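Structure first, commentary second.
Just follow the structure's listing: the first ligand is 1, and inside any ligand the first atom is 1. Just so we're clear, the structure is a prediction, and the values are computed from it rather than from any experiment. In what follows, every heavy atom counts, from backbone to side chain, and hydrogens, waters and symmetry copies are set aside.
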Amino acid sequence: MFITLEGPDGSGKTSQMQPLAEAIRAAGYDLVVTREPGGTPIGDEVRQVIMDLNHKGQMHPTTEILLFQASRAQLVNEVIRPALAAGVVVLCDRYADSTLAYQGYGHQTDLATLRRIVEFATGGLTPDLTLLLDIDVEAGLRRRAEDGGQWNRMDAYQLEFHRRVRAGYHELAAQEPARWVTVDADRDPAAIQADLQRIVLERLQGR
Ligand code: TYD
């Protein structure tokens, strides 16, 4: 089973990953935990290029889109597909939906084109379950600043951009209600974690 976590910047996604992973393992499942961009040695190098503040304002949007797909293609083929083939559960912090939400809805790149490029990068591999950590844009960015989180090139875009990303996630979730589960992320982290564990374990046990 392939599970992804999605959400706007500051949704607290990354800090929810480890306790969720521990709960899945404690329930007796073999698990691989990974993230995008990155998750492989090659992907981590691509991540550095994407995030580098020195490239601010210089990286062409098409370059950025293709770098995300390069990292993803490597992750799918080196990590995700082999794990799934071995019956291992995969939990990934961001995946193809981030490209649709950020580059598609956020930067308003043609969605049909993006879907084709994503399909090429992933070979059509789609998550079985996608958890959306949903949070108001201002609350999310505030939380990220308070956490002293790394302020990278991707955060520097306008508020409007982040609003489009969030609305994009809502649309994607509405298009595939069987795959997406939306969780209110503007709450106590322990309450969010409890919801995530319940949803994931129910799905795993239902299989
Ligand atoms: P990261 O520091 O991993 O942020 P987060 O903790 O929010 O996941 O940075 C990833 C950034 O890259 C984030 O702003 C989302 C963006 N992104 C895209 O724009 N497109 C993509 O396809 C992916 C995977 C990420």
Task: Short N or O distance, Glu36 and ligand 1, threshold 3.5 Å exclusive - done: no
Open item on the list: Under 4.0 Å from a heavy atom of Lys13: which atoms of ligand 1 are those, numbered in the order shown and with their elements?
Closed with: 5 (P), 8 (O)
Task: Close N or O approach (Asp9, ligand 1; < 3.5 Å) - done: yes
- [ ] Output the distance between atom CD (Glu176) and atom OG1 (Thr130), rounded to the nearest 0.5 Å.
- [x] 7.5 Å
Open item on the list: For Arg35, which part has a heavy atom under 4.0 Å from ligand 1: side chain, backbone, both, or neither?
Closed with: neither
Task: Distance filter under 4.0 Å to Arg47 heavy atoms, resulting ligand 1 atoms - done: 1 (P), 2 (O), 3 (O)
Task: Any donor-acceptor N/O pair, Ser71 side chain to Gly38 backbone, under 3.5 Å - done: yes
TODO: Report the member of Met17, His107, Met51, Gln69 with the shortest heavy-atom distance to atom 11 (C) of ligand 1.
DONE: Met51
Task: ligand 1 atoms in contact with Thr14 (distance to a heavy atom under 4.0 Å) - done: 6 (O)
Task: Distance-only N or O hit between ligand 1 and Glu64, under 3.5 Å - done: no
Open item on the list: Checking the side chain of Arg72 only, and the main-chain atoms of Gly43 only, is there a donor and an acceptor separated by less than 3.5 Å?
Closed with: no
Open item on the list: Return the CG to CZ distance between Leu20 and Arg25, rounded to the nearest 0.5 Å.
Closed with: 10.5 Å
TODO: For a side-chain contact (heavy atoms from CB on, under 4.5 Å) with Leu133, tell me which candidate from Asp184, Asp195, Thr182, Ile192 qualifies.
DONE: Ile192
Task: Where ligand 1 meets Thr99 - atom numbers and elements under 4.0 angstrom, heavy-atom basis - done: 21 (C), 22 (O)
- [ ] Examine Asp93 against ligand 1 and note whether any of their N/O atoms are separated by less than 3.5 Å.
- [x] no
Open item on the list: What verdict does the salt bridge (Lys or Arg N to Asp or Glu O under 4.0 Å) test give for Arg116 and Glu119, after you've listed the backbone C-alpha separation in whole Å, the side-chain angles of each residue and the deciding distance to 0.1 Å?
Closed with: CA-CA 5 Å; Arg116 282 202 302 277; Glu119 160 90 24; over 6 Å; no
Open item on the list: Could you check whether Tyr102 and His107 have their ring centres less than 6.0 Å apart?
Closed with: no
